Structures are given as C-alpha cells and as structure tokens.
Amino acid sequence: MICYNLGDFLQKDLQVFFASFKKRVGRSAYPIDLVLIDNLKPETEEYFLGIVCDGATYRDYPTACDRDRLRQEVLQKLGWRIYRIWSREWNRDRDTQINRLVEYIENLCNQK
C-alpha cells in the first residue's frame, strides 16, 4: 500500500518534536509537501526545512521523478534545505524514517 497523504502523516508524527509547520508551500504543480518553521524565529515564519515526499505527485505525473531532481537543485540554489522521504520506505519502517528525519533536523540545529 502506498501512502498518498504522507505529508499529513509526517506532520502528525513530527508535532511531538516540532511545533510549527506549513503544508504544500509553493505555487507550482509541485509544492513542497511540508515545511518546518524555524522555532527561533516564529514571528517571521522563516522556513527551516522543506520535506518532500513522493506519493500523489508521482502517481499523477509519470515524469515527476525527472522533474523532481531539477526542482530540488533549484530549491537548494535558492537556499532551501530539502529532505526527502519515500513512501515505500515510510510504509516499510515508519519509525526509522521519523528517527532519521529527527536526527537530520537536530544536526541542522547544531550547525546554526
């Protein structure tokens, strides 16, 4: 079973660790699924990390994988930090995926 609303599940699981999120950020056909707001700057809603998932986009657009690589490159050149979660890995071992993401976020926080 592929989870097509992975961003919703991620938000629920990550609320235990992090307070502020925005869903589906961006104006293109390929928005960032979930964005963490920097807890040190909540009043400015500065974005801390963009989380992208496969799922509905990959199901609905056969060429999404090719475009996605380019999208991530462009976003990173614009200063975004991007973390990817694959639904297959999520469905196989959700807890490990959450732990990896939390560890990644903690490492980013320690770099600030």
Side-chain angles (χ1 to χ4, degrees):
M1 176 184 106
I2 294 178
C3 172
Y4 291 115
N5 295 315
L6 186 52
D8 292 337
F9 288 101
L10 272 170
Q11 184 177 3
K12 289 176 188 170
D13 288 330
L14 291 174
Q15 281 177 334
V16 173
F17 304 101
F18 307 100
S20 301
F21 299 92
K22 280 193 173 183
K23 290 171 32 177
R24 303 196 51 79
V25 172
R27 293 185 178 99
S28 72
Y30 304 102
I32 298 172
D33 296 295
L34 192 63
V35 174
L36 276 68
I37 306 297
D38 191 334
N39 286 339
L40 299 176
K41 302 175 185 175
E43 66 284 348
T44 63
E45 290 193 350
E46 186 172 319
Y47 299 152
F48 181 74
L49 177 68
I51 301 172
V52 293
C53 312
D54 57 343
T57 301
Y58 281 70
R59 179 194 65 211
D60 296 340
Y61 299 97
T63 59
C65 189
D66 295 333
R67 289 188 201 137
D68 206 44
R69 283 194 304 265
L70 295 173
R71 175 181 74 147
Q72 184 163 340
E73 286 177 26
V74 169
L75 289 170
Q76 288 173 327
K77 286 179 183 176
L78 292 171
W80 278 91
R81 293 181 196 100
I82 300 293
Y83 188 88
R84 170 167 304 286
I85 294 186
W86 296 102
S87 60
R88 178 176 284 171
E89 298 300 320
W90 176 266
N91 289 325
R92 188 176 302 149
D93 190 355
R94 186 179 127 248
D95 291 338
T96 297
Q97 297 305 310
I98 291 170
N99 291 335
R100 284 181 183 166
L101 175 56
V102 169
E103 184 177 316
Y104 180 81
I105 293 168
E106 287 172 348
N107 288 335
L108 287 177
C109 289
N110 291 333
Q111 293 174 10
K112 279 191 144 184

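Computed from a prediction, not measured in an experiment: that's the story for all the values here. Below, all heavy atoms of this structure are taken into account, side chains as well, without hydrogens, waters or symmetry copies.
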(message) Salt bridge or not between E89 and R92? Use side-chain N to carboxylate O under 4.0 Å.
(response) yes

(message) When you compare the side chain of S20 with that of F48, does any pair of heavy atoms fall below 4.5 Å?
(response) no

(request) Could you tell me the separation between the CZ atom of R81 and the CG atom of L36, rounded to the nearest 0.5 Å? (result) 10.5 Å

(request) List in chain and number order the residues that pass salt bridge (Lys or Arg N to Asp or Glu O under 4.0 Å) with E73, two or more places apart in sequence or in another chain; answer none if no residue qualifies. (result) none

(request) Find out whether L75 and V52 are in side-chain contact, i.e. whether some heavy atom of one side chain is under 4.5 Å from a heavy atom of the other. (result) no

(request) Mind checking the CG-CD spacing from N91 to Q97? Nearest 0.5 Å is all I need. (result) 10.0 Å

(message) Against L34, only a single residue in V25, L49, I51 fulfils side-chain contact (heavy atoms from CB on, under 4.5 Å); can you say which?
(response) I51

(request) Apply the side-chain contact (heavy atoms from CB on, under 4.5 Å) test between Y104 and each candidate in V102, L108, N107; give the one that qualifies. (result) L108

(request) Taking the side chain as every heavy atom from C-beta outward, state whether K77 and V74 have any atom pair closer than 4.5 Å. (result) no

(message) For Q76, give me all partners under side chain to side chain donor-acceptor pair (under 3.5 Å), at least two apart in sequence or on another chain.
(response) none

(message) Can you list everything that forms a salt bridge (Lys or Arg N to Asp or Glu O under 4.0 Å) with R94? Sequence neighbours excluded, please.
(response) D13

(message) Nearest 0.5 angstrom please: D33 CG to R24 CZ, how far?
(response) 6.5 Å

(message) So Y47 and I37, do their side chains get closer than 4.5 Å, heavy atoms only?
(response) yes

(request) Measure across P31 and G26 and return the closest heavy-atom pair with its distance rounded to 0.1 Å. (result) CB-O, 4.1 Å

